[in-house]
> 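Structure provided below as structure tokens; questions to follow.
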Amino acid sequence: MRLEKLNELKAAGIDPFGVRFERTAGAALIKNNYSEYEGKTVKIAGRIMSKRLHGKAGFANMQDMSGNIQLYFRQDDVGKEKYELFKKMDIGDILGVEGEVFTTKKGEISIHVRDFTYLAKSLNPLPEKWHGLKDVELRYRQRYVDLIVNPEVKEVFIKRSQIIKEIRRYLDERGFLEVETPMMHPIAGGAAARPFITYHNALDMQLYLRIAPELYLKRLIVGGLEKVYEINRNFRNEGISTKHNPEFTMLELYQAYADYTDMMALTEDLVSTVMYKVNGTMIAEFEGEKIDFTPPWTRMTMLEAIEKYAGVDFNKIKTDEEARKAAADLKIKVEPNATRGEIINEVFEAFVEEKLIQPTFIYGHPVEISPLAKRNKDNPEFTDRFEVFIMAREIANAFSELNDPIDQKERFLKQMEKRAGGDAEAHMMDEDYINALEYGMPPTGGLGIGIDRLVMLMTGSPSIRDVILFPTLRPR
RNA sequence: GGGCCAUUAGCUCAACUGGCAGAGCAGCUGACUCUUAAUCAGAAGGUUGUAGGUUCGAUUCCUACAUGGCCCA
């Protein structure tokens, strides 16, 4: 049907797919500065979203990126030919119009159209005008349609962009250098996760898509780039859920001569500053909860948190055997050879995480689950590491970086044992990283923040797919 | 990987206990020179996700598969 209209347009000598159109205003600009624009002739362009015909006059609404404005067409003004063209026009068509700004009798700021040109004919009908597009699958698969008809979706992605911009501004102002490190790694390191595998033909070698940029960024610290950060994609070959997408965006930053306490202060200040700049408030509404980002955030060691929420004091549990018994008492399944540190982590995940609604620092992670973190001076079974939880979600992970190459090598060897034992998430040996540490890495604080999850919280989006423009889906 | 739910017109949704698949919007034809969910009149639009099965008869019941959602691991 619309193809016929397209051919009619062509037959009438009108190009349905026009060219460059110079705009002198936008919908929101005109509405927000009406007194300036009243009576003035403007040129605006956008998509026709609705149409109301009244014989020889009619109204339409045009949407551009800034908003929506009403257009008024009269046969007396545009001429019979153009008016017929207006009548034939479909919802979804993209036009450029020229006319004067005025207010209708009903008080709506509008454009009195004098002339218009076709910029793009729409061949597919748009979804229904007041229910929009609801089908989540279609919304993700055809995000372009979602963005056209659901304005709140556009708002989320504009806010996402602002959040990332403010993070960059914050770090740039504090002397951090933004860098880009490889996405394709010969060894997948820096996190506990299964990687995607790809293949380079010319080099005849297998490569991994990175699961984290960590080890490369710390090589840069060795190289003397004392404050670096990277905001980019990580890839993890794992399940998909409302909290997980196979590719997701991470901020990682490293600061030489700092430690995890500096990272705590930085995290709290960075996140709350960005929150306030973007939302104008420290309070976020999320799934019926009010989250208060105002610093200082609660600080608890992992053992304190376990004692509080699981009622078990792991300070009194000294051996792996006692820990396994404690796990059994709590009805948590663990590997028969699980160590105390691993069990502490299991108990934490089972009993504590879900309770952490307000921004909370959990620090002092067992060394077994932290192969890249520096040991605590007083208690070498634990590391100088923290994670931030908000709404039961892990938002940030940070530590004093392990800069002792000998300890690091031992940790890698331990991880390799686990790997040999079937743990596909255990860390791989990275000889070159050890080599880098052997040149000397200053004591360093490192921090990672999951950008998608942060955006979820700051925009009130319950699913990670609501903050990723094109989430991973099975092809149709 | 397991459980539950969903899939009907381009979109949003109906269809009782198994009995002719329906509405609104969009689109089409016509009327209307200040409407805004415009209004009014008319006509049209479907392999009910796919493949089987039960039945005189299946959108409805059963099985498998596909895609998605939610929960769990």
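As the structure is a computational prediction, the values presented were derived from the model and not from experiment. So that the names make sense, note that chain A is the first sequence line, chain B the second, and so on, each numbered from 1. FYI, side chains are in, hydrogens and waters are out, and symmetry mates aren't considered; it's all heavy atoms of this structure.
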> Which part of the nucleic acid, if any, lies within reach of A:Arg139 when heavy atoms closer than 4.0 Å are counted: base, sugar-phosphate only, or nothing?
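Contact class for A:Arg139: none.
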> Would you give me the side-chain donor-acceptor pairs under 3.5 Å for residues 149-157 of chain A, sequence neighbours excluded?
residue  : atom : partner  : partner atom : Å
A:Asn150 : ND2  : A:Leu133 : O            : 3.1
A:Asn150 : ND2  : A:Asp146 : OD1          : 2.6
A:Lys154 : NZ   : A:Met65  : O            : 3.4

> Strictly distance-based, threshold 3.5 Å: is any side-chain N or O of A:Asp64 a donor or acceptor partner for the main-chain N or O of A:Ser66?
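Between the backbone of A:Ser66 and the side chain of A:Asp64 there is a qualifying donor-acceptor contact (under 3.5 Å).
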> What is the per-nucleotide protein-contact pattern of nucleotides 2-15 of chain B, from the 5' end, where B denotes a base atom under 4.0 Å from a protein heavy atom, S denotes such proximity for sugar-phosphate atoms only, and - denotes neither?
---------BSS--
> Identify the stems formed by RNA chain B, where each pair is Watson-Crick or G-U wobble with both distances under 3.5 angstrom and a stem is at least 3 consecutive pairs.
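Output for stems: B:1-7 with B:66-72, B:10-13 with B:22-25, B:28-31 with B:39-42, B:49-53 with B:61-65.
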> Rounded to whole angstrom units, what separation is found between the CD atom of A:Glu84 and the C1' atom of B:G30?
13 Å
> Is it true that a side-chain atom of A:Asp423 and a backbone atom of A:Arg419 form a donor plus acceptor pair closer than 3.5 Å?
no
> In whole angstrom, give me the gap between the C1' atoms of B:G27 and B:U33.
25 Å
> Identify the pairs formed between an N or O of the protein and an N or O of nucleotides 21-23 of chain B at a distance under 3.5 Å, and give each distance.
none

> State whether the side chain of A:Asn33 and the backbone N or O of A:Glu36 hold a donor-acceptor pair below 3.5 Å, judged by distance alone.
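No; zero donor-acceptor contacts below 3.5 Å.
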> List the protein contact pattern of nucleotides 41-46 of chain B with one symbol per nucleotide (5' to 3'): B for base contact, S for sugar-phosphate-only contact, - for none; contact means a heavy-atom distance under 4.0 Å.
------
> Let's see if you get this right: which residues in residues 66-79 of chain A place a heavy atom under 4.0 Å from RNA chain B?
A:Gln70, A:Tyr72, A:Arg74, A:Asp76
> Check the interface with nucleotides 70-73 of chain B: list each N/O to N/O pair with the protein under 3.5 Å, or write none.
none

> Take atom OH of A:Tyr140 and atom P of B:G69, then tell me their distance rounded to the nearest Å.
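So the two atoms are 7 Å apart, to the nearest Å.
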> Could you go through residues 351-361 of chain A and list every donor-acceptor pair under 3.5 Å that involves a side-chain atom there, pairing it with any protein atom two or more places apart or in another chain?
residue  : atom : partner  : partner atom : Å
A:Gln358 : OE1  : A:Asp292 : N            : 2.8
A:Gln358 : NE2  : A:Lys290 : O            : 2.8
A:Thr360 : OG1  : A:Gln358 : O            : 2.7

> If we take the P atom in both B:C62 and B:A6, what is their distance in whole Å?
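Per the computed distance, 11 Å lies between those P atoms.
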> Would you check, one step at a time, whether the test side-chain contact (heavy atoms from CB on, under 4.5 Å) holds for A:Leu372 with A:Leu215?
CA-CA 9 Å; A:Leu372 302 164; A:Leu215 301 184; 3.9 Å; yes
> Enumerate donor-acceptor pairs with a distance under 3.5 Å from any side-chain N or O in residues 183-190 of chain A to protein atoms, sequence neighbours excluded.
residue  : atom : partner  : partner atom : Å
A:His185 : NE2  : A:Pro182 : O            : 2.8

> Can you list, in residue-number order, the parts of residues 93-117 of chain A that come under 4.0 Å of RNA chain B, counting heavy atoms only?
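Per residue number, the list reads A:Phe102, A:Thr104, A:Lys105, A:Lys106, A:Glu108.
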> Please state how far atom CG in A:Asn61 lies from atom P in B:A26, giving the value in whole angstrom units.
13 Å
> Under the side-chain hydrogen bond (donor to acceptor under 3.5 Å, both in side chains) definition, can you give me all pairs with a residue in residues 41-58 of chain A, not counting sequence neighbours?
A:Ser50-A:Arg52, A:Ser50-A:Asn61, A:Arg52-A:Asn61, A:Arg52-A:Gln70
> Can you sort out which residues in residues 327-352 of chain A have a heavy atom within less than 4.0 Å of RNA chain B? Ascending by number, please.
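Of all residues in residues 327-352 of chain A, none places a heavy atom under 4.0 Å from RNA chain B.
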